[in-house]
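Report on the following structure.
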Protein chains: 2
Amino acid sequence: MPVESRPRRVTSVDVAREAGVSRTTVSYVLNATPHQKIPDGTRQRVLDAAARLGYAPSAAARALQSGRSDVVLYLLPDWPVGPAVTHTLVRLSTALAAHGYTLLAYPRAAGRPVADVWRSIEPAAVVSWEDLDPADVAAMRAAGVLVAVALLRGPGTAEGSLEVSQQRIGRMQAEHLAAAGHRRLGYADPDDPRVRGFAEPRLDGVRAACADLGLDEPVVRTVPPDTATAADAVRAWREAGVTAVCAYNDDVALAVLAGARAAGVDVPGGLAVVGVDDVPAAALAAPPLTTVTTDQEGIAEHIAALVVAGLDGTPPPPRLTSDVVRLVRRASA
Amino acid sequence: MPVESRPRRVTSVDVAREAGVSRTTVSYVLNATPHQKIPDGTRQRVLDAAARLGYAPSAAARALQSGRSDVVLYLLPDWPVGPAVTHTLVRLSTALAAHGYTLLAYPRAAGRPVADVWRSIEPAAVVSWEDLDPADVAAMRAAGVLVAVALLRGPGTAEGSLEVSQQRIGRMQAEHLAAAGHRRLGYADPDDPRVRGFAEPRLDGVRAACADLGLDEPVVRTVPPDTATAADAVRAWREAGVTAVCAYNDDVALAVLAGARAAGVDVPGGLAVVGVDDVPAAALAAPPLTTVTTDQEGIAEHIAALVVAGLDGTPPPPRLTSDVVRLVRRASA
DNA sequence: GTGAAAGCGCTAACAT
DNA sequence: ATGTTAGCGCTTTCAC
């Protein structure tokens, strides 16, 4: 429903005139400015006038005047995000709203530079999965962004916690399989080069766990979402003596399952499989998929706390406890 | 990496001083204002100064002055969106960027009113899946939003096209099954009440197709993502003489598949199943899932055209052709 | 308790 | 060809 012909903005001047007061008073009333005692009569008149006129303060003017924005920008990666991430988005939005910040997500298209967005909006903070490149960081600072949080691969301290989580995911997969007696694991890497940032730390976690537990190095294969290729991978693993596979995520794990089916390999008898994410399809797969899941609520809460701390100058939240990652035990491993 | 202590904004005054010109000239150069012949020497000096200082114009000031925002706000629904939707987001972002608009997504949390967001940003247009309630629309207009596009259930003209698509999805499922000789269809409704807006028109499409083709009324059952309950639904359908099921989407279809497996019903022999979305897991299911998919690129392109038309006053794009929905034939039906 | 006035950073009509 | 100036809508001292 295209809405036509904006009839000229209602400004605080209009409200002031309608209420028979000055703009100052309007501002005081509408912002509930402390230490400014406005008599209830006047107050009510202003409120009524504003409501009658449908007054909405100009975000641009407010931002310009205050020199401060309450927008937190979330850079949506251009690679496919699971349902978990979109859920996190809503949680994060809620958590930030509780502190007076508004979360806005920017879907970065592959080619375009992030910097484009500073032209349209000046966020107070930016949340990104990957580190931004130095030029973008410079542009960001110039645009007045106060806080940036990178969720992955950051060499810093606080933001490193999610990086650790990624490794813990891999560790947990491997530890579960080792506990079930598997000595030689496979790792099913995703096809999509864009998710390297996630796949690598997870694989690192698997490697580390194998080393710690005295298992062989994991045998890595790339598994596209294609049954025939996955079947090849399954056969190759079997020939290499692999009895269990950690998959990058549930989608890849489902491909492994399909491959095993095609190759006539029983799961978990011939090959055990562990995924990551616990997507809805995981529980419904044949066999139901054992998978590692993360506490998205906790993560969202934590990111929010990180951002708010940076913005409000309050102390940063404690490192995320390691139990944000959890194993969901089903039939596949 | 929390970025500390913004050293005071670089403004166009700074650039002017650095380049030894006035702010006007800076503005002219940086905006490439037409019909303003600035000698190349001056131009270059300004550009250099801006680059040296890392100047970034203030989005707030620019918005305030122009009275016009180039932000298009996409209201992210609070219900789970499939990978298709997030992909659309990126496409839409790109398409709008080509016209100078910036797409920002707002993850609406369930309880909070949409109106909250106008406080932080004044978009030029809003794209929403569902119709907004009248109060929100009023607030939106007051906030200076020029164009609103509702993707679903709008009684209007242009925006109705996606609504039609939803019905076509259902039609296509039913038509495919009818063509395969099925006379009595089931419909697998989603568990989640939040997706009613999608489920209803799809079911309407199935009903319409059944009526047109002289089939029985479809037998509707709600199928949660739970194997046991899905198995019950499968048995109930079989008892009712249903030989094929249209599922709301692939996740529901996978549940039906799992249910059939648990109930010992062969797919497609005992029960044919058609999903919607073609999620990655669909091709990997056992059996591979026949599903209806939509041309997300086309849809994104179309929404962008709709928005740009409303914003720039250009003629609206033609109605989406019906071939945005397509059947992916696999083993399940 | 309320109003007048300045100023946030920018653009554009007007002057030079 | 470039500079001066006004004004976008708001908040916030500072007077009254």
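As the structure is a computational prediction, the values presented were derived from the model and not from experiment. Side chains included, hydrogens not; waters and symmetry mates left out as well; all remaining heavy atoms used. So you know, we letter chains A, B, ... as the sequences are listed, proteins then strands, and number each from 1.
The phosphate of C:dC8 has neither OP1 nor OP2 within less than 4.0 Å of any side-chain N or O from B:Thr11. The phosphate of D:dG9 has neither OP1 nor OP2 within less than 4.0 Å of any side-chain N or O from A:Ser12. Phosphate proximity of C:dC10 to B:Tyr55: present, with a side-chain N or O under 4.0 Å from OP1 or OP2. At D:dT11, none of the side-chain N or O atoms of A:Thr33 fall inside 4.0 Å of OP1 or OP2 (strictly under the cut-off). Close to C:dT11, at under 4.0 Å from its OP1 or OP2, lies a side-chain N or O of B:Ser27.
The minimum heavy-atom distance between A:Leu73 and B:Leu104, with the atom names listed, is CD1-CD1, 4.3 Å. Minimum heavy-atom separation, B:Trp118 to B:Val145: CZ3-CG2, 4.3 Å.
Between B:Tyr28 atom OH and D:dT2 atom C1' the separation is 9 Å, expressed in whole Å. In this structure, CZ of A:Arg68 is placed 23 Å from P of C:dG7, rounded to the nearest angstrom. Rounded to whole Å, the distance from CG on B:Asn31 to C1' on C:dA13 is 16 Å. In this structure, A:Leu30 places its CG atom 16 Å from C1' of C:dT2, rounding to the nearest Å. Rounded to an integer number of Å, the gap from CG of A:Asp14 to P of D:dC8 is 12 Å. The CZ atom of B:Arg17 sits 14 Å away from the P atom of D:dG3 (whole-angstrom rounding). Regarding B:Arg23, its CZ atom lies at a distance of 13 Å from the C1' atom of D:dC8, rounded to whole Å. If you measure from atom CZ of A:Arg62 to atom P of D:dT12, you get 10 Å, rounded to the nearest angstrom.
Within the 3.5 Å criterion, the main-chain N or O of A:Ala135 finds a donor-acceptor partner in the side chain of A:Asp133. At distances below 3.5 Å, at least one donor-acceptor pair connects side-chain atoms of A:Asp14 with backbone N or O atoms of A:Thr11.
Annotation: of the two residues near DNA chain D, A:Pro57 and B:Gly20, the 5′-most nearest-nucleotide partner is B:Gly20.
Among D:dG9, C:dT2, C:dC10, the nucleotide with an atom closest to any side-chain atom of A:Ser58 is D:dG9. Candidate nucleotides D:dC10, C:dC14, C:dC10 were compared by shortest atom distance to the side chain of A:Ala61, and D:dC10 ranks first. Distances from the side chain of B:Leu64 to the nucleotides C:dC8, D:dC8, D:dT5 place D:dC8 closest. Considering only side-chain atoms of B:Ser22, the nucleotide from D:dC10, D:dG3, C:dG3 that sits closest is D:dG3. Comparing C:dT11, C:dT2, D:dG9 by their nearest atom to the side chain of A:Arg9 picks out D:dG9.
The base of D:dG9 lies outside donor-acceptor range of the side chain of A:Gln65, with no N or O pair under 3.5 Å.
Between the side chains of B:Tyr106 and B:Asp116, not a single donor N or O lies within less than 3.5 Å of an accepting N or O.
The distance from atom CG of B:Leu30 to atom OG of B:Ser12, rounded to the nearest 0.5 Å, is 8.5 Å.
Looking at heavy-atom distances under 4.0 Å, A:Thr24 makes contact with a base. A:Ser66 comes within 4.0 angstrom of nothing in the nucleic acid, heavy atoms only.
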